[in-house]
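Encoded as structure tokens, the structure appears first; notes follow it.
Here, residue 1 is the first one in the sequence, and each next residue gets the next number. Keep in mind that this is a model prediction, so the values were computed, not measured.
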Amino acid sequence: MREYTDDKLFAAILANNAAEIKRLKKSGTMLTPTVKDALSAGTGKKPTDSGMFEKYCAIQYTFCKSADKMKAKKFTAVMRNLRAELDEPIIYFSSIFKDASPSNIEEPSVLECVIECFDNKRINKRRLMCDYIDKDKSELLAVCAEHGWLAQPKKRDEMIKYASDNNKTECAAWLLDFKNRTADLAAEQAKAEKKMLRELNADPNSLTELKKIWGFEKTADGNIVITGYKGDRTEITVPESICGATVTAIGDYAFSPDAKRIRAAQRELRKSVTKITLPDTVERIGEFAFFKCRALSQINLPERLTEISKGMLDITGMENIVIGGNIKKIGAVAFYGCPALKTVKICEGVAEIGEAAFYYCTGLETVELPRSIKKIPKNTMSESPFWACNKLTILVYAGSYAEKYCKENNIAFAYKEYI
């Protein structure tokens, strides 16, 4: 990207040319509005056309490239001169200090200048302090502490642990001394004990406690849909109600390790869940709700449930399944790729099986179909519910739709009367 040199005062400040800055200011020269908008905090102004956007990018690129090369004395002079020319009291554009620690922020004077001149909300304080600990620079931790970065006991103790775990003796000693000098240890101990007692005595059914375990939303009719599991158990019981509202639905990907925006630890826990008990109040289960829960070997289907939705179950631990007659439809790819599955009994009442419902269930040996089945996709690779189920024999009633389907699609079958 090209550098920005159109603004004479901006260029003079970045060069720390005191004589040129003085001459330009004496003649009434100021920073252009474009430079101010690109660097100031809180203006809220954004370029409305591509040309102006390119100017903003060029200004920010020039600023970052120049700042990263400056020695301490020049850096502090440049930033204070630049800030003095802006309409806002702090410099907003500070992404170079957000995700990393530039090499020139390794002197107390520079760090003081950064805290003074830049938007502190955009500074990754934890990242910087860890970087200083890695380099065993306790003098920089002293600056951080002076500006309140270690005021919270939790943050202070986190840094002590980080220094100790990484054998940074100088910083660990400084942090421990800082704690002894500044902390009200008796008050912190009392607060910790109070918190512990509160957690021990907490009602497991209180809203606060439930929010630690469940993600949930209230529906328009006042009921609850479970949107996610945040607990740490591998055998899970879903509650019938939350704060008086009935749980009637399980949302899309609610237990799936493939769900978006979940932590790595939650993703791994979901992969190891072995048993899920659903309340009889559940009437609907969303798509891919248990997708890739490969350790799941026990789950019940509530009587009010009328459909097994798309991709709902994807389980390696479950060998035998009975699908009750309350279920009217087995959705597409409902049991896709479950190699441990051996037998499936579908009870009277089920009317439809969706596309690829048992696709690549390579261990599947028997599927028992009722007389009530009236719709099964044709036996093609993209549609067949039983594609690649090479061990499969379908059990049917003589004269049923299921018998006709097996004959027309060349699928092995046997009559239930003779089993």
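- Heavy atoms from other residues, nucleotides or ligands lying under 6.0 Å from CG of Asp165 number more than 12.
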Please evaluate residues Leu369 and Leu395 with respect to the criterion side-chain contact (heavy atoms from CB on, under 4.5 Å), reporting the C-alpha separation (whole Å), side-chain torsions for both, the decisive distance (0.1 Å), and the verdict. CA-CA 6 Å; Leu369 297 183; Leu395 307 182; over 6 Å; no
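- Looking at Val238 and Ile226, their side chains come closer than 4.5 Å, going by heavy atoms from C-beta outward.
- For the pair Glu116 and Arg80, the salt-bridge criterion is met [side-chain N within less than 4.0 Å of a carboxylate O].
- Closest heavy-atom contact between Lys230 and Gly215: CE-N, 3.9 Å.
- No more than 12 heavy atoms of other residues, nucleotides or ligands shown are found within 6.0 angstrom of NZ on Lys310.
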List the steps and the verdict of salt bridge (charged side-chain N to carboxylate O under 4.0 Å, His left out) for Arg270 and Asp258. CA-CA 9 Å; Arg270 291 182 178 199; Asp258 268 14; over 6 Å; no
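- Looking at Phe335 and Ile308, their side chains come closer than 4.5 Å, going by heavy atoms from C-beta outward.
- If you look at Trp214 and Tyr229, their ring centroids are closer than 6.0 Å.
- At a threshold of 4.5 Å between non-hydrogen side-chain atoms, the residues Pro385 and Ile376 count as touching.
- Within the 6.0 Å centre-distance limit, the rings of Tyr415 and Phe413 are counted as a close aromatic pair.
- Contact check on Glu158 versus Lys161 returns no salt bridge, with no Lys/Arg side-chain nitrogen under 4.0 Å from an Asp/Glu carboxylate oxygen.
- For Gln266 (side chain) and Arg263 (main-chain N/O), a donor-acceptor pair under 3.5 Å exists by modelled atom type.
- Proximity of a side-chain donor or acceptor of Arg267 to a complementary backbone N or O of Pro257 within less than 3.5 Å is detected.
- Not a single donor-acceptor pair under 3.5 Å links the side chain of Ser384 to the backbone N or O of Thr380.
- Atom NZ of Lys74 is surrounded by more than 12 heavy atoms from other residues, nucleotides or ligands within 6.0 Å.
- Looking at Glu348, its side chain does come within 3.5 Å of a backbone N or O of Ser372 through a donor-acceptor pair.
- Within the 4.5 Å cutoff, the side chain of Thr248 has no heavy atoms near those of the Ile224 side chain.
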Please report the C-alpha distance between Asn409 and Lys378 in whole Å, then the side-chain angles of each, then the deciding distance to 0.1 Å, and finally whether the side-chain contact (heavy atoms from CB on, under 4.5 Å) criterion is met. CA-CA 7 Å; Asn409 290 278; Lys378 58 185 177 181; 4.1 Å; yes
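- Two residues are said to be in side-chain contact when any heavy atoms from C-beta on lie closer than 4.5 Å; Val225 and Phe216 fail this criterion.
- Annotation for Arg233: atom CZ does not count as buried by contact number, only 12 or fewer foreign heavy atoms lying within 6.0 Å.
- In Lys375, the NZ atom is not crowded: 12 or fewer heavy atoms of neighbouring residues, nucleotides or ligands sit closer than 6.0 Å.
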Stepwise, does the side-chain contact (heavy atoms from CB on, under 4.5 Å) test hold for Ile115 with Val143? CA-CA 10 Å; Ile115 294 172; Val143 176; 4.2 Å; yes
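- Residue-environment remark: CD (Glu303) stays at or below the threshold of 12 foreign heavy atoms within 6.0 Å.
- A side-chain donor-acceptor contact under 3.5 Å links Asp221 and Thr219.
- How far CG of Leu210 is from CD1 of Ile242: 5.5 Å, rounded to the nearest 0.5 Å.
- For Asn180, the CG atom is densely surrounded, since the number of other residues' heavy atoms within 6.0 Å is greater than 12.
- Between the side chains of Tyr405 and Asn379, no donor-acceptor pair is found at a separation under 3.5 Å.
- One N or O on the side chain of Asp252 and one on the backbone of Glu287 form a donor-acceptor pair closer than 3.5 Å.
- To the nearest 0.5 Å, atoms CG (Asp37) and CG (Leu39) are separated by 9.5 Å.
- Judged by distance alone, the side chain of Ser241 and the main-chain N or O of Thr246 form no donor-acceptor pair under 3.5 Å.
- Listed for the Thr234 side chain is no donor-acceptor partner under 3.5 Å among the backbone atoms of Ser272.
- Contact check on Glu283 versus Arg304 returns a salt bridge, with a Lys/Arg side-chain nitrogen under 4.0 Å from an Asp/Glu carboxylate oxygen.
- The structure places CD1 of Ile13 at 11.0 Å from CZ of Phe63, a figure rounded to the nearest 0.5 Å.
- Between the side chain of Tyr397 and the backbone N or O of Glu403 there is no donor-acceptor pair closer than 3.5 Å.
- When side chains are defined from C-beta on, Cys113 counts as touching Phe75, because their heavy atoms get closer than 4.5 Å.
- Cys389 and Cys361 get closest at one heavy-atom pair: SG-O, 3.6 Å.
- Closest heavy-atom contact between Leu364 and Lys342: CD1-O, 3.4 Å.
- Heavy-atom minimum distance, Pro370 versus Cys347: CG-O, 3.4 Å.
- Lys374 and Glu352 are not joined by a salt bridge, as no carboxylate oxygen comes within less than 4.0 angstrom of a charged side-chain nitrogen.
- The minimum heavy-atom distance between Met159 and Leu150, with the atom names listed, is CG-CD2, 3.8 Å.
- The pair Arg127-Asp131 does not count as a salt bridge, with every side-chain nitrogen at least 4.0 angstrom from each carboxylate oxygen.
- Relative orientation of the Tyr253 and Phe288 rings is parallel, given thresholds of 30° and 60° on the angle between their planes.
- With a 4.5 Å cut-off on side-chain heavy atoms, Leu341 and Asn320 do not count as touching.
- Here the OG1-CZ distance, from Thr62 to Phe10, works out to 6.0 Å after rounding to the nearest 0.5 Å.
- Rounding to the nearest 0.5 angstrom, the gap separating the OG1 atom in Thr182 from the CZ atom in Arg156 is 6.0 Å.
- In terms of heavy atoms, Lys36 sits closest to Leu86 at CA-CD2, 4.0 Å.
- Side chain of Asn326 to backbone of Leu305: a donor-acceptor contact under 3.5 angstrom is found.
- Of the possible donor and acceptor atoms, one in the side chain of Thr76 sits under 3.5 Å from a partner among the backbone N and O of Lys73.
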Which is it for Thr281 and Glu240 under the side-chain hydrogen bond (donor to acceptor under 3.5 Å, both in side chains) test, yes or no, and what are the steps along the way? CA-CA 6 Å; Thr281 54; Glu240 287 190 2; 5.7 Å; no
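- Residues Val273 and Phe290 fail the side-chain proximity criterion, which asks for heavy atoms closer than 4.5 Å.
- Here the CD-CD distance, from Glu107 to Glu112, works out to 12.5 Å after rounding to the nearest 0.5 Å.
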Decide salt bridge (charged side-chain N to carboxylate O under 4.0 Å, His left out) for Asp136 and Lys168; before the verdict, give the C-alpha distance in whole Å, the side-chain angles of both, and the deciding distance to 0.1 Å. CA-CA 6 Å; Asp136 234 0; Lys168 300 300 179 180; 5.7 Å; no
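- Within a 6.0 Å sphere centred on OH of Tyr360, heavy atoms belonging to other residues, nucleotides or ligands number 12 at most.
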Could you give me the CA-CA distance, side-chain angles and deciding distance for Thr366 and Ile394, then say whether side-chain contact (heavy atoms from CB on, under 4.5 Å) is met? CA-CA 6 Å; Thr366 60; Ile394 295 182; over 6 Å; no
